[in-house]
2 protein chains.
Amino acid sequence: MKIRAERDDMSAIERRIADFILTEAHLLRDYSSQQLANALKISQSSVVKFSQKLGFKGYPDLKYSIGESLARNESSDADLPVRPEGKDSHAVLAENLWHFKSLAEQETRLINPPAKLDLIADLIDNANKVFIIGLGEDGILARAFTMRLTLLQIDTALHCDTAQMTTRISMATPGDVLLLFSEYGQQLPLCRIGRQMQEQNGKVVAVTRHNANPVRALSDESLLVSAHDDRIHIEPLLYQAALRHLLDTLFMILCEKKPDQLVDYASNLDRIKDLHNQ
Amino acid sequence: MKIRAERDDMSAIERRIADFILTEAHLLRDYSSQQLANALKISQSSVVKFSQKLGFKGYPDLKYSIGESLARNESSDADLPVRPEGKDSHAVLAENLWHFKSLAEQETRLINPPAKLDLIADLIDNANKVFIIGLGEDGILARAFTMRLTLLQIDTALHCDTAQMTTRISMATPGDVLLLFSEYGQQLPLCRIGRQMQEQNGKVVAVTRHNANPVRALSDESLLVSAHDDRIHIEPLLYQAALRHLLDTLFMILCEKKPDQLVDYASNLDRIKDLHNQ
DNA sequence: TTAACGAAGCATAAAGTATTGACGATGACT
DNA sequence: AGTCATCGTCAATACTTTATGCTTCGTTAA
């Protein structure tokens with residue numbers, strides 16, 4: 001459901017509405033926009049505006065859609081007999097986790113429309129040089145993506161260190177791109193680097209969670225991830241899986257744009273393989 | 001659908017309505033009662049009466065139900081959509097990739113039975129120290145897994161460099177574990193390190209593709225990955241996704257074994273977040 | 001500080017829905 | 001055949017619900 005994905009980006013009231021719809025969807029059937037508003041102690045117009053913001057024609061249209069997806073879900077619930085919540089075999093554990101990863105991936109796909117990915121792919125493709133930075137866990141996916149780009153013969157510089165990056169950026173030319181990996185987007189040093197990049201007429205792309213945060217606010221474009229779980233130790237797994245997939249998609253788009261590099265790509269891969277084999 | 005049953009004892013006009021709903025259900029979404037009446041050249045009130053007669057509260061209620069049952073039916077159709085092979089929108093591209101990742105994950109799950117994962121989790125849990133090595137792309141997941149273990153307060157040393165690792169291993173004690181990340185398992189330097197580890201009575205776990213290879217042959221235990229695709233640039237993506245999931249699963253198993261560490265885990269995560277925020 | 005923006009509410013216009021009552025057709029009983 | 005009851009339909013209208021324009025308020029950027 002699209003609502004779940006957009007949830008992060010909403011104001012307090014909108015989130016109230018979203019949560020109600022997500023948790024009490026079944027009640028919605030006999031709620032008019034006014035009743036829903038009353039239940040949430042907000043104005044009826046807020047409900048309508050909420051609906052429209054999500055791209056529905058109006059409240060009835062939203063309601064209709066909720067009905068649909070509700071029906072869809074419960075009919076597929078019947079397919080998978082009983083969600084085996086208990087701590088069964090680890091196979092179930094693994095399957096379950098994959099299920100949640102899939103959900104995160106879907107949500108993430110919804111908030112990153114193809115047009116945007118295309119645009120970002122173009123930015124990267126046309127840049128003289130691509131700069132990438134990511135600290136801590138963010139660094140891992142940053143590194144992985146750097147490798148991919150390098151294999152595609154795109155000149156890419158990775159740093160896990162703000163100091164180094166600052167000096168590097170000072171050499172950026174217009175048209176260069178900086179990718180800021182930051183799950184929560186709160187890192188102020190990264191913001192500084194982003195601004196520095198913009199002063200030199202470079203583009204800044206944020207790679208972050210889909211909520212309001214400084215890094216995203218500053219960026220020219222952004223890759224957004226939606227991934228949630230109550231279990232604190234699971235949530236990062238979902239974030240990483242969803243983001244990885246988003247980056248993989250971007251990579252595939254780049255591959256399409258550079259079919260000739262793809263040939264070299266293969267031989268590069270082979271060369272690397274041999275490299276370590278003595 | 002109830003309508004179909006009742007259709008027999010209806011008046012002419014009512015049957016017209018019923019037939020329209022049954023055949024053109026998809027149009028109904030954007031029809032008001034008035035529009036429907038116009039389309040059928042009947043009065044709006046007839047439409048409403050018809051709805052009520054069938055037991056709905058009114059026309060919107062009927063419409064809602066139609067939407068539901070429409071969704072239910074098409075969702076079971078949609079389970080097996082025609083696999084859209086052509087290079088459509090990038091959304092399809094992404095969806096398709098995810099599909100293949102899922103397949104790889106499934107295959108991978110099948111060749112790593114829960115008992116084996118349990119055993120490896122125990123090895124890690126009981127080790128004084130865990131050593132991890134992975135070169136190139138293998139290094140990325142090695143690093144990610146190292147971070148997870150460290151957050152669980154497991155003493156873990158990562159190296160992306162065989163020379164350093166050799167000296168490190170010389171300090172290993174019996175009961176320690178070495179994880180060798182090597183997609184193709186051909187790297188002889190890694191084999192040497194593995195043997196060194198065994199000479200010191202440590203355990204060696206290979207993390208590699210599910211085929212015969214030197215690294216796997218040498219190891220005491222192995223985490224195996226199955227991931228295939230004709231497109232040379234896609235295969236690594238599948239390998240990484242499947243392996244990542246396997247490691248995530250292992251991580252979850254470890255979490256279960258160390259429920260107390262899980263509490264610290266959360267605070268560690270927070271601490272790391274703050275760390276970078278100035 | 002002011003300008004600019006967005007979020008939320010209120011009031012109200014517009015749209016949509018339900019009810020009423022009138023009319024004609026049908027069919028049953030006298 | 002005549003009368004009456006019933007049903008289905010419609011037009012008019014009362015009512016409900018939804019959408020929109022306008023105002024206010026709080027936040028952000030200049």
Side-chain angles (χ1 to χ4, degrees), chain A residues 3 6-21 27-67 185-186 188 191-192 194-196 198-199 204 206 210-220 222, chain B residues 3 6-21 27-67:
Chain A
I3 295 180
E6 303 265 5
R7 197 188 107 81
D8 293 324
D9 221 16
M10 295 174 172
S11 70
I13 284 199
E14 287 172 327
R15 208 166 345 221
R16 286 247 296 289
I17 304 178
D19 288 343
F20 185 90
I21 292 178
L27 292 181
L28 221 66
R29 174 165 195 149
D30 353 70
Y31 271 35
S32 67
S33 61
Q34 182 64 65
Q35 287 174 297
L36 175 56
N38 291 341
L40 295 170
K41 314 278 192 213
I42 59 177
S43 78
Q44 178 259 343
S45 53
S46 294
V47 174
V48 174
K49 283 173 185 160
F50 172 83
S51 308
Q52 293 170 329
K53 211 169 186 178
L54 285 173
F56 297 100
K57 287 201 314 207
Y59 174 74
D61 194 27
L62 164 78
K63 195 161 139 181
Y64 189 93
S65 285
I66 302 285
Q186 302 295 344
L188 300 185
C191 291
R192 274 201 298 278
R195 268 190 287 274
Q196 190 191 347
Q198 287 170 325
E199 280 162 18
V204 175
H210 180 233
N211 53 19
N213 68 55
V215 170
R216 178 182 174 192
L218 154 158
S219 65
D220 302 296
S222 57
Chain B
I3 295 179
E6 306 252 1
R7 185 180 175 287
D8 292 330
D9 44 29
M10 285 178 176
S11 72
I13 283 201
E14 287 172 327
R15 206 159 324 173
R16 286 248 297 292
I17 303 178
D19 287 343
F20 183 90
I21 291 178
L27 293 181
L28 221 67
R29 175 167 196 150
D30 347 74
Y31 271 34
S32 67
S33 61
Q34 182 63 69
Q35 286 174 298
L36 176 55
N38 291 341
L40 295 170
K41 315 280 191 208
I42 60 176
S43 78
Q44 179 259 345
S45 53
S46 296
V47 175
V48 175
K49 288 249 180 78
F50 173 82
S51 307
Q52 292 169 330
K53 209 170 188 177
L54 285 173
F56 298 100
K57 287 202 315 207
Y59 174 72
D61 195 27
L62 163 79
K63 194 161 138 181
Y64 189 95
S65 286
I66 303 285

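Note on naming: letters A, B, ... go to the chains in the order of the sequence lines (proteins, then strands), and numbering restarts at 1 for each one.
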Which listed nucleotide ([options]) is nearest to the side chain of [X]?
{"X": "B:K49", "options": "D:dT9, D:dG21, C:dG16", "result": "D:dT9"}
{"X": "B:V48", "options": "C:dT19, D:dA19, C:dC10", "result": "C:dT19"}
{"X": "B:S43", "options": "D:dT18, D:dC10, C:dG9", "result": "D:dC10"}

Pair A:L218-A:Q198, side chain to side chain contact (heavy atoms under 4.5 Å, CB included): steps then yes or no: CA-CA 9 Å; A:L218 154 158; A:Q198 287 170 325; 4.1 Å; yes
Check every strand shown and say whether [X] touches a base, only sugar-phosphate, or nothing at a heavy-atom separation below 4.0 Å.
{"X": "A:Q52", "answer": "sugar-phosphate"}
{"X": "A:S33", "answer": "sugar-phosphate"}
{"X": "B:S45", "answer": "base"}

Atom-to-atom span, [atom1] of [X] to [atom2] of [N] - whole angstrom:
{"X": "B:K63", "N": "C:dT17", "atom1": "NZ", "atom2": "P", "answer": "6 Å"}
{"X": "B:K41", "N": "D:dA11", "atom1": "NZ", "atom2": "C1'", "answer": "18 Å"}
{"X": "A:Y59", "N": "C:dG16", "atom1": "OH", "atom2": "P", "answer": "17 Å"}
{"X": "B:Q44", "N": "D:dT13", "atom1": "CD", "atom2": "P", "answer": "15 Å"}
{"X": "B:L36", "N": "C:dA18", "atom1": "CG", "atom2": "P", "answer": "13 Å"}
{"X": "A:F50", "N": "C:dG6", "atom1": "CZ", "atom2": "C1'", "answer": "17 Å"}
{"X": "B:L40", "N": "D:dC10", "atom1": "CG", "atom2": "P", "answer": "10 Å"}
{"X": "A:K57", "N": "D:dT20", "atom1": "NZ", "atom2": "C1'", "answer": "17 Å"}

Test side chain to side chain contact (heavy atoms under 4.5 Å, CB included) applied to A:Q34 and A:V47, step by step: CA-CA 8 Å; A:Q34 182 64 65; A:V47 174; over 6 Å; no
Residue closer to the 5' end of DNA chain D, A:P60 versus B:I42 (nearest nucleotide): B:I42
Sidechain-backbone polar pair: B:Q44 side chain, B:S32 backbone, donor-acceptor under 3.5 Å: no
Backbone N/O of B:Y64 and side chain of A:K63: donor-acceptor pair under 3.5 Å: no
Atom of A:D30, atom of A:Q35 and distance for their closest heavy-atom approach: O-OE1, 3.1 Å
